[in-house]
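Only one structure is covered here, and it is reproduced in the block below.
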Amino acid sequence: MARRARAYWLFKSEPDVYSIDDLARDRRTMWDGVRNYQARNLMRDSMAVGDLGFFYHSNASPPGVAGIVRVCSAPYADPSQFDPASDYHDPTSRVDEPRWMLVDVEHVETFDAPVTLDTLKARAAELEGLMVIARGSRLSVQPVERAHFVKIAKWAGARTKV
DNA sequence: GCCAACGTTGGC
DNA sequence: GCCAACGTTGGC
């Protein structure tokens, strides 16, 4: 039976809002609040349980890859879209036809030191096509090529087998 | 369907 | 706090 190869991702979060330390404490979390169609489509259509992702700290000092997470659920409707008290409330989304989907992710590893955006840019020649170093790339959930994921994990001294 | 205006992201 | 880049909205 053909098995889908593991895919690799990058999840952005502002550490002031939710950091990898928060995820390490919680063990797993809903990746909620994504309100971009491209990012939603990746979670809804392209992720599978067991995929690995980088946890990327945006709007941080310094910004960079802080560790590794694993996708640990199938996609399902983001409950925050139906919660009037949530910042992510979307009054135009219908329960019987939810607009925003998410997956759960679990903490795998926090790097001893982040691989900073500066480092990624400095080694751009080895990371051709990596979205997070592309000009103006704002997508909050991004695909990462396996070769790039392996390299960055190695630079971080990751203990996780990727 | 075009595109200007607007809001958001995110590095700096 | 600034602002470039980008996505979305809405008038036409």
Side-chain angles (χ1 to χ4, degrees), chain A residues 7-26 29-47 51-71 75-105 107-145 148-149 151-158:
Chain A
Y8 298 86
W9 309 98
L10 180 147
F11 295 87
K12 285 185 191 172
S13 182
E14 302 187 25
D16 289 348
V17 177
Y18 194 81
S19 72
I20 195 165
D21 292 338
D22 293 323
L23 182 61
R25 177 200 62 211
D26 296 343
T29 193
M30 295 185 288
W31 202 260
D32 62 0
V34 171
R35 295 295 179 268
N36 169 281
Y37 290 106
Q38 210 178 334
R40 176 206 66 183
N41 293 348
L42 291 173
M43 291 198 286
R44 186 189 62 187
D45 305 331
S46 303
M47 289 191 186
D51 283 357
L52 295 182
F54 285 136
F55 194 113
Y56 180 87
H57 281 165
S58 62
N59 266 316
S61 355
V65 177
I68 295 177
V69 302
R70 184 184 294 113
V71 174
Y76 62 100
D78 180 343
S80 67
Q81 70 196 301
F82 304 122
D83 176 4
S86 170
D87 288 344
Y88 305 126
H89 182 226
D90 183 350
T92 67
S93 182
R94 292 164 35 191
V95 177
D96 58 341
E97 201 177 339
R99 173 169 303 160
W100 304 111
M101 306 292 281
L102 55 69
V103 296
D104 290 353
V105 302
H107 182 264
V108 175
E109 172 174 1
T110 300
F111 296 151
D112 294 337
V115 180
T116 65
L117 181 60
D118 272 354
T119 298
L120 297 177
K121 286 178 172 171
R123 309 187 72 158
E126 299 169 75
L127 300 170
E128 195 181 341
L130 183 69
M131 207 177 277
V132 77
I133 57 175
R135 183 168 70 70
S137 170
R138 300 189 333 190
L139 198 60
S140 64
V141 176
Q142 306 180 354
V144 176
E145 291 175 28
H148 293 164
F149 199 95
K151 278 184 204 173
I152 295 165
K154 187 177 174 190
W155 299 340

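Proteins get letters first, then strands, A, B, ... in listed order; numbering begins at 1 in each. Excluded from the calculations below are hydrogen atoms, water molecules and symmetry mates; all remaining heavy atoms, backbone and side chain alike, are included. All values derive from a computational prediction rather than experimental measurement.
Results of the ring-ring contact (aromatic ring centres under 6.0 Å, His included) test with Phe11(A) over Tyr56(A), Phe54(A), Trp31(A), Phe55(A) single out Trp31(A) as the only residue that passes.
With respect to Asp22(A) and Arg25(A), a salt bridge is recorded, a charged nitrogen being found less than 4.0 Å from a carboxylate O.
Over its length, the helix from dG1(B)-dC12(C) to dC12(B)-dG1(C) turns its helix axis by 10°, as judged from the five terminal pairs at each end, rounded to 10°.
Nearest heavy atom pair, residue Val141(A) against residue Leu42(A), reads O-CD1, 3.2 Å. Of all non-hydrogen atoms in Pro79(A) and Met30(A), the two that sit nearest each other are CG-SD, 3.7 Å.
No donor-acceptor pair closer than 3.5 Å links the side chain of Asp32(A) to the backbone N or O of Asp78(A).
Under the 3.5 Å distance criterion, with hydrogens and angles disregarded, a donor-acceptor pair is assigned to the side chains of Tyr76(A) and Asp104(A). Judged by distance alone, the side chains of Arg35(A) and Ser80(A) do bring a donor and an acceptor atom under 3.5 Å apart.
Contact footprint of chain A on DNA chain C: nucleotides with an atom under 4.0 Å from a non-hydrogen protein atom, first to last in 5' to 3' order, dA5(C) to dT8(C).
Environment of CD in Glu126(A): crowded, with over 12 heavy atoms of neighbouring residues, nucleotides or ligands closer than 6.0 Å.
Looking at which nucleotide of DNA chain C each of Arg135(A) and Asn59(A) is closest to, the 5′-most match is held by Asn59(A). Both Arg138(A) and Arg99(A) sit near DNA chain C, but only Arg138(A) has its closest nucleotide nearer the 5' end.
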